[in-house]
Amino acid sequence: MVLPLEYTAFCLLYQERYLQYTRERVQDAHTSQQVVRAVLGNLATIWPTVISSPRPAAVAWRLLDALISSAVRNGDRRALRADSVHRWLPPGQADAVILRCRMHLSETQAAELMGVEPPVVATQLRMAQRALPGELTSSLGEYAAAHPPEDGARR
């Protein structure tokens with residue numbers, strides 16, 4: 001089977017960051033690789049629909065989240081502890097925290113990966129900062145102070 005060039009380019013662009021993000025959530029290299037392989041394989045089967053959507057990255061991100069969530073539910077206790085941010089926060093906020101604070105992506109990079117606009121990531125981070133208790137709020141606040149928004153807007 002010959003895969004479309006756009007699909008191959010999409011995989012090359014996102015695969016490594018998907019793998020990094022998945023490892024942050026499941027804390028197991030083998031499971032992370034399986035999840036990302038499954039996501040990219042599933043995308044290949046629905047590629048015409050994905051590429052014709054207004055935001056292909058958003059479609060892929062939702063699929064990635066669904067497969068990670070399934071792996072976490074069916075996985076061991078390490079994965080549940082590693083994904084504690086998703087127990088505290090709604091998915092968009094938790095994703096923004098992981099991408100910005102654990103993976104150190106810029107708001108623009110995080111937004112591109114999630115298939116949203118950068119202000120969405122900034123808003124999710126602000127809401128997460130308000131919602132996270134104690135030490136997590138402190139570490140997010142320190143990160144936000146050290147990494148101001150790229151467009152000069154206030155957080």
Side-chain angles (χ1 to χ4, degrees), residues 3 6-47 50-51 53 55-118 120-129 131-147 149-150 155:
L3 296 170
E6 297 88 357
Y7 169 79
T8 303
F10 185 92
C11 291
L12 290 172
L13 184 62
Y14 292 106
Q15 182 174 6
E16 187 56 37
R17 287 202 172 141
Y18 284 173
L19 188 55
Q20 290 173 320
Y21 172 80
T22 304
R23 282 184 186 148
E24 287 292 335
R25 289 196 53 192
V26 302
Q27 294 293 302
D28 179 77
H30 179 70
T31 301
S32 297
Q33 290 172 343
Q34 287 180 317
V35 167
V36 172
R37 239 183 262 123
V39 167
L40 297 178
N42 288 344
L43 285 175
T45 65
I46 61 168
W47 187 249
V50 173
I51 198 64
S53 73
R55 294 198 176 263
V59 174
W61 189 257
R62 286 190 300 272
L63 180 59
L64 178 65
D65 180 65
L67 291 178
I68 291 171
S69 295
S70 177
V72 168
R73 277 191 307 276
N74 299 322
D76 64 25
R77 297 254 183 247
R78 284 185 313 163
L80 294 174
R81 282 193 307 273
D83 198 32
S84 63
V85 70
H86 277 83
R87 288 193 320 243
W88 283 97
L89 297 170
Q93 292 175 33
D95 291 345
V97 168
I98 290 172
L99 294 173
R100 283 284 281 160
C101 300
R102 290 187 188 172
M103 292 176 58
H104 308 292
L105 299 182
S106 69
E107 285 176 8
T108 301
Q109 291 169 324
E112 180 183 307
L113 199 61
M114 294 169 68
V116 299
E117 293 296 322
V120 172
V121 173
T123 299
Q124 296 289 0
L125 287 168
R126 277 193 307 276
M127 291 188 306
Q129 190 170 9
L132 288 173
E135 197 172 306
L136 291 176
T137 301
S138 172
S139 65
L140 181 57
E142 290 170 13
Y143 184 85
H147 299 85
E150 294 155 0
R155 287 183 182 246

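The structure displayed is predicted, hence computed values, not measured ones. Note that the numbering runs from 1 along the sequence shown for the chain.
Atom CD of residue Gln34 and atom OG1 of residue Thr22 lie 11.5 Å apart, to the nearest 0.5 angstrom. The NE2 atom of His104 sits 11.5 Å away from the CG atom of Leu99 when rounded to the nearest 0.5 Å. Here the CG atom belonging to Leu105 is positioned 11.0 Å from the CD1 atom belonging to Ile98, to the nearest 0.5 angstrom. A distance of 9.0 Å separates OG1 in Thr8 from CH2 in Trp47, rounded to the nearest 0.5 Å. Note that the CD atom of Glu112 and the OG atom of Ser106 stand 8.5 Å from one another [nearest 0.5 Å]. One distance of note links CD of Gln124 with CD of Glu107; it measures 11.5 Å at 0.5 Å rounding.
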Distance-only donor-acceptor pairs under 3.5 Å for side chains of residues 55-67, two or more places apart:
unit_1 : atom_1 : unit_2 : atom_2 : d
Arg55  : NH1    : Glu117 : OE2    : 3.4
Arg55  : NH2    : Glu117 : OE2    : 2.4
Trp61  : NE1    : Asp95  : OD2    : 3.0
Asp65  : OD1    : Arg25  : NH1    : 2.7

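The two residues Pro91 and His86 make their nearest non-hydrogen contact at O-NE2, 4.0 Å. Among all heavy-atom pairs drawn from Arg17 and Met103, the shortest one is O-CE, 3.7 Å. The two residues Val35 and Ala71 have their closest heavy-atom pair at CG2-CB, 3.9 Å. Here the closest heavy-atom approach between residue Leu89 and residue Ala128 is recorded as CD1-CB, 3.7 Å. Contact between Val85 and Ala94 at its shortest, heavy atoms only, is O-CB, 3.7 Å. Here the shortest heavy-atom pairing between Met114 and Gly92 reads CE-O, 4.1 Å.
Put simply, the side chain of Gln27 gets close to the backbone of Arg23: a donor and an acceptor are under 3.5 Å apart. When atom types are taken as modelled, the side chain of Thr45 and the backbone of Asn42 share a donor-acceptor pair closer than 3.5 angstrom.
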task: Give the intermediate values and the outcome of side-chain contact (heavy atoms from CB on, under 4.5 Å) for residues Val50 and Tyr7.
output: CA-CA 9 Å; Val50 173; Tyr7 169 79; over 6 Å; no
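No side-chain heavy atom of Val36 sits under 4.5 Å from any side-chain heavy atom of Tyr21.
Between Tyr18 and Tyr14, the angle of the ring planes stays under 30°, which puts this pair in the parallel group of the 30/60° scheme.
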